[in-house]
Amino acid sequence: MTQNTAQYDVCAVGNAIVDVLSPCDAAFLTAQDLAPNSMQLVDAERSTALYDAMAPGVEASGGSAGNTVAGVGSFGGRAAYIGKVADDTLGQVFTHDIRAAGVHFDTPVLTGGADQGFGTGRCLINVLPDGARTMATFLGAANQLYADDIDQALIAASEIVYLEGYLFDPAPARAAFERAATAAHQAGRKVAITLSDTFVVARWRAELLDFVTQSADIVLANEAELGALFETEDFEAAAAKLAAIVDIAAVTRGEHGSVVIRGDQRVTVAAYPVAKVVDTTGAGDQYAAGFLLGVARGLPLEDAARLGSLAASEVIAHWGPRPMVKLVDLAAEHGLKL
Ligand SMILES: Nc1ncnc2c1ncn2[C@@H]1O[C@H](COP(=O)(O)OP(=O)(O)OP(=O)(O)O)[C@@H](O)[C@H]1O
Ligand SMILES: [Mg+2]
């Protein structure tokens with residue numbers, strides 16, 4: 001296995017969240033005023049009301065960047081995570097699960113958070129019969145991630161620091177974001193970011209574009225988020241614009257796979273076929289896991305993107321946002337090297 005000199009391949013900073021996933025139909029989304037395929041922020045009251053209306057489902061640790069580092073760990077990569085949970089049951093579940101995935105996680109918990117209305121963040125995910133997911137997130141303790149929570153030594157020890165665009169929503173986290181990027185660059189490391197969601201991009205377009213231009217080396221996005229960033233539906237034009245301002249742009253296109261651009265180099269990688277798409281939650285996150293680990297290990301872009309596609313194909317074939325098999329074994333079965 002190729003090794004880089006860093007202690008960790010990827011250190012992610014994100015909204016630490018536990019998911020509740022339930023099946024639904026389109027009428028339910030309409031009745032609940034939820035925009036299909038989006039992530040919408042809700043307050044505690046709305047979260048409780050929606051939860052009461054949802055069909056029986058499953059609970060699982062989530063958080064976009066948390067899912068990604070859990071995927072990196074499952075590939076046998078060395079990963080770390082920075083995010084805020086409260087001292088409640090969901091916080092214990094989140095902490096257990098991410099550590100059990102082999103991820104280093106020691107951000108101080110928000111003591112007394114639950115009593116102040118900042119319980120561990122939760123995301124209510126309604127999944128249509130075709131697997132498409134719609135999310136309503138109560139940030140809770142994740143709203144309380146501050147710049148001082150950024151362990152700069154940990155970031156300096158990581159080949160890539162990976163940031164969620166979702167972190168632009170909680171106000172204190174934006175300073176944390178900047179601190180993480182600065183610490184990474186000071187140590188000669190790479191900064192990667194995902195655009196996360198079209199509504200997040202719309203809310204923070206100028207700020208995100210600024211950050212990407214100034215500080216990001218690697219950007220991950222799906223087609224819709226890329227279009228939202230440059231306010232165009234012309235994929236080629238948007239991809240070219242992104243590639244012009246970052247070292248590596250990786251754009252996912254659902255079942256049509258992904259396109260990765262670095263300078264003049266452009267690779268197109270197909271999605272792995274999936275017999276039945278059950279729940280697409282985590283597709284982008286697991287793509288990021290394989291892709292970032294591949295880049296951290298210095299693999300050719302095509303091989304990194306294949307690792308991403310493979311991880312995504314595993315997670316969309318079952319309920320929940322994290323892999324249920326060891327991705328390192330799955331990669332070996334498919335002849336992919338790490
Ligand atoms: N129907 C599918 N069949 C096979 N692979 C898929 C399918 N949908 C997605 N993928 C894989 O997942 C990757 C990421 O998918 P997508 O572009 O949907 O990300 P996303 O929109 O960020 O997903 P999410 O936000 O729901 O996690 C794709 O590049 C592809 O490899
Ligand atoms: Mg996504």
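We count residues from 1, following the sequence as given. Counting starts at 1 for both ligands and their atoms, following the listed order.
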Q: To which protein heavy atom is atom 10 (N) of ligand 1 closest, and what is the distance rounded to 0.1 Å?
A: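 In this structure, atom 10 (N) of ligand 1 has Gly254 O, 3.6 Å as its nearest protein heavy atom.
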Q: Checking the N or O distance criterion of under 3.5 Å, is ligand 1 in contact with Val274?
A: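 No, Val274 has no N/O under 3.5 Å of an N/O on ligand 1.
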Q: Should you measure from each heavy atom of Tyr272, which atoms of ligand 1 turn up under 4.0 Å away?
A: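 Close to Tyr272: 4 (C), 5 (N).
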Q: Out of Ala312, Ser313, Gly284, who is nearest to atom 27 (O) of ligand 1 when you count heavy atoms only?
A: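 The residue whose heavy atom sits nearest atom 27 (O) of ligand 1 is Gly284.
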Q: Which atoms from ligand 1 have a heavy atom of Ser309 less than 4.0 Å away?
A: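 By the 4.0 Å cutoff, the relevant atoms are 31 (O).
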Q: Please identify which atoms of ligand 1 are closer than 4.0 Å to at least one heavy atom of Asn222.
A: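 Within the 4.0 Å cut-off of Asn222, ligand 1 contributes 17 (O), 20 (P), 21 (O), 22 (O).
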Q: Which atoms of ligand 1 are found less than 4.0 Å from any heavy atom of Arg133?
A: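 So the answer, numbered in order with elements, is 24 (P), 25 (O), 26 (O).
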Q: Evaluate Glu225 for polar contact with ligand 1, using N/O atom pairs at a separation under 3.5 Å.
A: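 Glu225 vs ligand 1: no N/O contact under 3.5 Å.
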Q: Can the positive tip of Arg99 be found less than 6.0 Å from the middle of the six-membered ring of Tyr81, inside 45° of the ring normal?
A: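 So Arg99 doesn't make the cation-pi contact.
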Q: Name the closest protein heavy atom to atom 5 (N) of ligand 1, giving the residue it belongs to and the distance to 0.1 Å.
A: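 Checked against all protein heavy atoms, atom 5 (N) of ligand 1 sits closest to Ala271 CB, 3.4 Å.
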Q: For the residue pair Thr194 and Tyr166, establish whether any side-chain heavy-atom pair is separated by less than 4.5 Å.
A: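 Of all side-chain heavy-atom pairs linking Tyr166 with Thr194, none is under 4.5 Å.
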Q: Which ligand 1 atoms, with their elements, are less than 4.0 angstrom from a heavy-atom of Ala283?
A: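 Close to Ala283: 12 (O), 14 (C), 15 (O), 23 (O), 27 (O).
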Q: If we only count heavy atoms from C-beta on, is the Leu310 to Leu330 side-chain gap below 4.5 Å?
A: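 In contact.
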Q: Within 45° of the axis and under 6.0 Å from the centre of the six-membered ring of Phe94, does NZ or CZ of Arg322 qualify?
A: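 Positive - Arg322 is close enough to the ring of Phe94 and near enough to its axis.
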Q: For the pair Glu159 and Arg189, find out whether any cationic side-chain nitrogen is under 4.0 Å from an anionic carboxylate oxygen.
A: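 Looking at Arg189 together with Glu159, the answer is yes, because their closest N to O distance falls below 4.0 Å.
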Q: Enumerate the atoms of ligand 1 whose separation from the nearest heavy atom of Val277 is less than 4.0 angstrom.
A: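 Every atom of ligand 1 under 4.0 Å from some heavy atom of Val277: 1 (N).
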Q: Polar-atom distance check: Ile316 versus ligand 1, any N or O pair below 3.5 Å?
A: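 So ligand 1 has no N or O lying under 3.5 Å from an N or O of Ile316.
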Q: Does Gly282 reach ligand 1, in the sense of a heavy atom lying below 4.0 Å from it?
A: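 Yes; Gly282 lies near enough to ligand 1 that a heavy-atom distance drops under 4.0 Å.
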Q: Is there a ring pair (Phe, Tyr, Trp, His ring centres under 6.0 Å) between Tyr8 and His104 once you walk through the steps?
A: CA-CA 9 Å; Tyr8 295 102; His104 173 87; 5.8 Å; yes
Q: Would you say Ser258 and Tyr287 are linked by a side-chain donor-acceptor pair, where the criterion is simply a distance under 3.5 Å?
A: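 Indeed, the side chains of Tyr287 and Ser258 share at least one donor-acceptor pair under 3.5 Å.
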Q: Please write down residue, atom name and distance for the protein heavy atom closest to atom 29 (O) of ligand 1.
A: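 Scanning the protein heavy atoms, the shortest distance from atom 29 (O) of ligand 1 goes to Gly257 O, 3.2 Å.
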Q: Below the 3.5 angstrom mark, is there an N/O of Thr252, backbone or side chain, next to an N/O of ligand 1?
A: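 Thr252 vs ligand 1: N/O contact under 3.5 Å present.
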Q: Side-chain contact test, heavy atoms from C-beta onward, threshold under 4.5 Å: evaluate it for Asp19 versus Glu59 and give yes or no.
A: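 They are not in side-chain contact.
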Q: Is the shortest distance from a Lys or Arg side-chain nitrogen in Arg306 or Asp303 to a carboxylate oxygen in the other one below 4.0 Å?
A: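 Salt bridge between Arg306 and Asp303, a charged N being under 4.0 Å from a carboxylate O: yes.
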Q: By number and element, which atoms of ligand 1 are closer than 4.0 Å to a non-hydrogen atom of Thr280?
A: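 Those of ligand 1 that fall under 4.0 Å from Thr280 are 26 (O), 27 (O).
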Q: Salt bridge or not between Glu236 and Arg266? Use side-chain N to carboxylate O under 4.0 Å.
A: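 Yes.
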